[in-house]
Amino acid sequence: MTNPIRLAFTMGDPAGIGPEIIAKAVREMAGLVQAGRAEFIVLGSAAALRQAEALLGLPAAGEEAGALYRMVDVGPVDAPFVTGQVSAAGGEWAYRAVEKAARMVQAGEADAIVTGPLSKEALHLAGHHFEGHTELLAHLTGQRDAVMMLAHGDMRVTHVTTHCALADVPRRITPERLRRVFDVTLDAMSALGISNPRVAVAGLNPHCGEGGILGKEDDEIIAPVIKEYTDRGLGLIGPVPGDTVFIKMRARQFDAVVAMFHDQGHIPLKLLGFQVDPATGAWQAISGVNITLGLPILRTSVDHGTAFDIAGKGVANANSVVEAAEYAIQLIAGRKAVAAAQAATEGAQSC
């Protein structure tokens, strides 16, 4: 039997829905633990997790047949937090959980991180001035060129730029950044078992600039880098107009899309992943995964926020946590398989 994949779940801001959705998710995935395929480590506030379990009518893991997870409390934090409210204390709990999880993966004590939602406002109130998880993990690992991927089922989008003003996007689209995003996207497709991926590159400007009439970046910067890859026989296509590229991916013409900026990639994936009751406007389900690529550690995450407005009500949906964990397991297993195949090939060549 192969060794179980060890996932470190950070609960995010304990005043949000993180504790509830993790409490639900580890039980939905209990079969993986019982089958010896996975081990779950939960990092954050043990008191918040116990409170969530009590709210949901769930027995604590230690009271069940076989522990579902191992709890790592990263406190104490001096100030209290209040469920449903933004605070420096909530930001500090969230920061410490991510920091500890990153150290565990770096030390070989865990294989990947699955992050719950944190509040950027709370993080800043606590004195940790990062735009989000991606930038925080880049800082903790010393790797500055991380790449964000969003996934919903078999739709996958990586981003050339993310958390910056729209006015700053064009100058950040450089040949070096494009190559970095193309490389990690192709690597991720390989880890997901897609041997000959078709990766579409979205254009920056409307209609990819209409031959320079609506902007020259698509012709002068993006297209030449794509050609470098196609000349090597790699499956990059584009640039493809941003208003049709996601429809084509949904039609399975592409396995992934490289988006040029945050909302270009986020809006279509969230439109598909967030389900709303049209009669009441209430959330029915939230699915989708945020994956950080290009770091020395693997991190997947829910693709939604802290939802302070429904925290403590027991109604939060755990689908996105489960999906994030499943993607982490798939990527870890895939990377191990790719590494084993490469080692076997190198061994055969050396004989």
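For reference, positions follow the sequence shown, starting with 1.
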Any heavy-atom pair between the side chains of [Y] and [X] that's under 4.5 Å?
| X | Y | answer |
| --- | --- | --- |
| L186 | L234 | yes |
| D13 | W93 | no |
| I291 | L150 | no |
| Q253 | I247 | no |
| M260 | V181 | no |
| H304 | I17 | yes |
| P19 | L55 | no |
| T292 | M148 | no |

Rounded to the nearest 0.5 Å, what separates atom [atom1] in [X] from atom [atom2] in [Y]?
| X | Y | atom1 | atom2 | result |
| --- | --- | --- | --- | --- |
| L58 | R50 | CG | CZ | 14.5 Å |
| R252 | R198 | CZ | CZ | 10.0 Å |
| I267 | K270 | CD1 | NZ | 9.5 Å |
| L32 | L68 | CG | CG | 11.0 Å |
| D255 | M189 | CG | CE | 7.0 Å |
| I21 | S320 | CD1 | OG | 7.0 Å |

Could you tell me whether [X] and [Y] make a salt bridge, using a distance below 4.0 angstrom between a side-chain N and a carboxylate O?
| X | Y | result |
| --- | --- | --- |
| E53 | R27 | yes |
| R177 | D145 | no |
| E20 | K24 | no |

Between the side chains of [X] and [Y], does any donor sit under 3.5 Å from an acceptor?
| X | Y | answer |
| --- | --- | --- |
| N205 | D218 | yes |
| R172 | T174 | no |
| T10 | T115 | no |

(message) Would E176 and R180 count as a salt bridge (Lys or Arg N to Asp or Glu O under 4.0 Å) here? Give the steps.
(response) CA-CA 6 Å; E176 294 76 19; R180 173 65 170 169; over 6 Å; no

(request) Applying side-chain hydrogen bond (donor to acceptor under 3.5 Å, both in side chains), run through D183 and Y229 and close with a yes or a no. (result) CA-CA 10 Å; D183 287 343; Y229 284 75; 2.8 Å; yes

(message) side chain to side chain contact (heavy atoms under 4.5 Å, CB included), that's the test. Do V201 and V240 meet it? Break it down for me.
(response) CA-CA 6 Å; V201 180; V240 180; over 6 Å; no

Any side-chain to backbone donor/acceptor pair from [X] onto [Y]? Under 3.5 Å, distance only.
| X | Y | value |
| --- | --- | --- |
| R335 | A188 | no |
| D73 | A46 | yes |
| T306 | G16 | no |
| R156 | D154 | yes |
| E220 | E217 | no |
| Y327 | G153 | yes |

(message) Can you confirm whether or not the ring centre of H159 sits under 6.0 Å from the ring centre of F261?
(response)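 That pair fails the under 6.0 Å test.
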
(request) Assert yes or no for the condition that the ring centre distance of F9 to Y69 is strictly below 6.0 Å. (result)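 When the ring centroids of F9 and Y69 are compared, they turn out to be at least 6.0 Å apart.
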
Does [atom1] belonging to [X] count more than 12 external heavy atoms closer than 6.0 Å?
| X | atom1 | value |
| --- | --- | --- |
| R250 | CZ | no |
| Q51 | CD | no |
| N196 | CG | no |
| D168 | CG | yes |

Mind listing the closest non-hydrogen atom pair of [X] and [Y] along with its distance?
| X | Y | result |
| --- | --- | --- |
| D111 | P4 | OD2-O, 3.9 Å |
| L295 | A146 | CD2-CB, 3.7 Å |
| G90 | A122 | C-CB, 4.5 Å |
| A88 | L125 | CB-O, 3.7 Å |
| F130 | L123 | O-CD2, 3.9 Å |
| C164 | V169 | SG-CG2, 4.0 Å |

(request) Applying side-chain hydrogen bond (donor to acceptor under 3.5 Å, both in side chains), run through T230 and R232 and close with a yes or a no. (result) CA-CA 5 Å; T230 57; R232 291 156 47 197; over 6 Å; no

(request) Answer yes or no for R179 and F182: cation-pi contact, defined as NZ/CZ to six-membered ring centre under 6.0 Å and angle to ring axis within 45°. (result)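 Cation-pi check for R179 and F182: fails.
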
(message) Please say yes or no: joined through hydrophobic side-chain contacts below 4.5 Å, possibly via intermediate residues, are L298 and V338 part of one cluster?
(response)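 Each belongs to a different hydrophobic cluster.
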
(message) Set out, in order, the CA-CA distance, both residues' side-chain angles and the distance that settles side chain to side chain contact (heavy atoms under 4.5 Å, CB included) for F81 and E92, then state yes or no.
(response) CA-CA 10 Å; F81 62 85; E92 182 62 25; over 6 Å; no

(message) Could you walk me through whether T161 and H262 satisfy the side chain to side chain contact (heavy atoms under 4.5 Å, CB included) test, starting with their C-alpha distance in whole Å, then the side-chain angles of each, then the deciding distance to 0.1 Å, before giving a yes or no?
(response) CA-CA 6 Å; T161 69; H262 183 281; 6.0 Å; no

(request) May I have the step-by-step check of side chain to side chain contact (heavy atoms under 4.5 Å, CB included) for E323 and V302, ending in yes or no? (result) CA-CA 8 Å; E323 197 175 355; V302 297; over 6 Å; no

